[in-house]
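Report on the following structure.
In this text the structure is predicted, and so the values were computed from the model without any measurement. One-based numbering, in listed order, for ligands and for the atoms of each.
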Amino acid sequence: MTVMFGNPGSTELPFLRDMPSDFRYVLGLHERAAAGMALGYALGTRKAVFVNLHSIASTGNGLSAIQDAWYLHAPLVVTAGQQDRRQLYAEPFLKSYAVETVKPYVKWVHEPARAEDVPAAIARGYYLAMQPPRGPVFISIPMDDWTRECSPVAARKVSETVLADPNALDDVVRALDVSRNPALVAGSQIEEDDGWSDVLKLAEHLSADVYQDPIPSRWTFPRSHRLFRGGLLPAQQPLAGQLANHDVVVVLGARIFLYYAHVPGDTIKPGTKLFQITNSPDDAASALAGHGIVGNIAHAAQYIRERARSRRNPSAQATPAPDPSQAYPISAAFLFSTLNKVMPRNAVIAEECPSSKGDLDTYLKLDHPQSFYSVPNGVLGFGLPAAVGLQMAMPERRVICAIGDGSIQYSIQALWSAVQNEAPLTVIVLRNSDYSALKGFCDFTQVGQNVPGMELPGIHMTKIAEGYGMSAVEVDLPDALEPALRAAFAANEPRLISVNVAKGGQKCMGMDQSVNRPNYR
Ligand SMILES: Cc1ncc(C[n+]2csc(CCOP(=O)(O)OP(=O)(O)O)c2C)c(N)n1
């Protein structure tokens, strides 16, 4: 872990002193940005990343990124300074209760009992962070510990793969062999377990329809593949409806299921056999239905393919996206269809555009692994720093951050880090000057529109970007969009394009008024 992300304070200075020249410190101006960039870097490199925060002050600010790492199974080793051990008892200025604060969202929290235990604690945190399911750990380190001597810690190997029970996988094979119409659901753990090609081969072997999990934090199946049927809706009744024609459903690396609005119904149509293969014991235990099998997804997919009978379905076809009209103001559909036309085919998307998620999903056809990352548990502030970290981790690909003008404000400081670290990402801000997604949710839940705090007038995105040193352009007319995008991709520097888009939010996460929507009147 030689690249570290952080924001320093007095309790971290003894640690940061005389940093070895083969270490790189990436400064975030706010901890949401620092830890969020580390998260993107961990996702991009698929390795553990070191984060150094300041006492409780900055651990609190960075907590939402730590929470994202928890839900995204991203291995972060987070440390924060604590006051000097010798005066902790007397509740000094900057005393930190960070250990208690972060506990629900990390795999392990620790404040070593002795200064001499600090290096071993960091090593232990690393090994644990890398165990499936991966995730963040947190170590609080008193500031006087860094000046003490200790014995070196031996570098050890700890294996990182846990395989599923073959007997349980044989049950899946038997069910598939007698199935009339099986389906696969692809979840984000496919990428965690490096299972992209094994799942693709399994789908083709079975000629099974493949759905992406609801509100996906990653895309884990090629979007233009003839077997791909799109994403599942995040509510019980409509989701069970989408899968109603399938008699066997195998969920690979996702929860059963991630819901948003409460639209009651069956988890799965009665009679359908549901299997969940997951690297998370917790997800298996908390599933609402189905047989849970815990283990590595790539291995499980390969095991099943080698044993299940193959099928053919020559009539399966990819669904083409409809042509969007070139209306004024620019619609999200037009924006994403234009982007799809001009972006590099191996582009990486970091998405945080709540009311336009559906349009992005419809129009962006990316077929490469590690192409899409999104906010995992609805905590805004993920998108921009994740994009910066991803771009730093994958310099050979172009990262595009598609983000709402509301969402970008939660971690806006990452613009500065992109410039300082010469990360040539393209930030596309969907400037609709309101919280369209919340307005849509007001409609969907029948709350009505008489709600304050929904408008965002007077935000000048290009001036903000320029203030942090980033080139920026505003696009208002549809004709200006394509040239602006092309210019950004041709430039070898970070750029921000602020696009004035139509207000959105007619649908709630893809669900329209036809479902049995909740009523909070
Ligand atoms: C940290 C945080 N604060 C508030 C919210 C609630 N929230 C959900 S969507 C949304 C609107 C985001 O606005 P914008 O990025 O402009 O996207 P739009 O809704 O206009 O598509 C808000 C405030 C949240 N999810 N996370």
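- Numbered from 1 in the order shown, with element, the atoms of ligand 1 that lie under 4.0 Å from a heavy atom of Y410 read 1 (C), 2 (C), 3 (N), 4 (C), 23 (C).
- By the 4.0 Å heavy-atom criterion, P354 is counted among the residues contacting ligand 1.
- By the 3.5 Å distance cut-off applied to N or O atoms, N432 is counted among the residues near ligand 1.
- In terms of protein heavy-atom proximity, atom 11 (C) of ligand 1 is closest to Y435 CD2, 3.4 Å.
- Here the CG-OH distance, from L128 to Y126, works out to 12.0 Å after rounding to the nearest 0.5 Å.
- Remark: ligand 1 atoms within the under-4.0 Å shell around heavy atoms of G406 are 13 (O), 14 (P), 15 (O), 16 (O).
- Contact detail for Q212 and A186: the closest heavy-atom pair is NE2-O, 2.8 Å.
- Residues D443 and Q449 bring a donor and an acceptor atom of their side chains to less than 3.5 Å of each other.
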Identify each donor-acceptor pair in which a side-chain atom of residues 60-69 lies under 3.5 Å from a protein atom, sequence neighbours left out, and give them as a table.
| unit_1 | atom_1 | unit_2 | atom_2 | d |
| --- | --- | --- | --- | --- |
| N61 | ND2 | E31 | OE1 | 2.9 |
| S64 | OG | R32 | NE | 2.7 |
| Q67 | NE2 | Y105 | OH | 3.1 |
| D68 | OD2 | R32 | NH2 | 2.7 |

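- Of all atoms in ligand 1, numbered sequentially from 1 with element shown, those under 4.0 Å from a heavy atom of G378 are 24 (C), 25 (N), 26 (N).
- One distance of note links OG1 of T11 with CD1 of I56; it measures 11.0 Å at 0.5 Å rounding.
- Residue pairs satisfying the side-chain hydrogen bond (donor to acceptor under 3.5 Å, both in side chains) criterion with at least one member in residues 33-52, sequence neighbours excluded, are listed as follows: N52-T79.
- Around the CZ atom of F489, the shell of radius 6.0 Å holds more than 12 heavy atoms that belong to other residues, nucleotides or ligands.
- Contacts between D405 and ligand 1, counted as non-hydrogen atom pairs separated by less than 4.0 Å, involve both the backbone and the side chain.
- Some N or O of L380 is nearer than 3.5 Å to an N or O of ligand 1, by distance alone.
- In summary, the atoms of ligand 1 found under 4.0 Å from a heavy atom of L438, numbered by their order in the structure, are 7 (N), 8 (C), 10 (C), 22 (C), 23 (C).
- Considering backbone and side-chain atoms together, C353 places no N or O closer than 3.5 Å to any N or O of ligand 1.
- Counting the atoms of ligand 1 from 1 in the order shown, those under 4.0 Å from a heavy atom of A437 are 18 (P), 19 (O).
- We find the CG-OG distance between D361 and S356 to be 12.0 Å, quoted to the nearest 0.5 Å.
- For the residue pair K357 / S374, a side-chain donor-acceptor distance below 3.5 Å is found, with atom types taken as modelled.
- Geometrically, ligand 1 and S407 share a nitrogen or oxygen pair separated by less than 3.5 Å.
- Minimum heavy-atom separation, Q276 to A287: OE1-CB, 3.7 Å.
- Among all protein heavy atoms, the one lying closest to atom 21 (O) of ligand 1 is S355 OG, 2.6 Å.
- The shortest N/O to N/O separation between S436 and ligand 1 falls below 3.5 Å.
- Ligand 1 lies out of reach of G504, whose nearest heavy atom is not under 4.0 Å from it.
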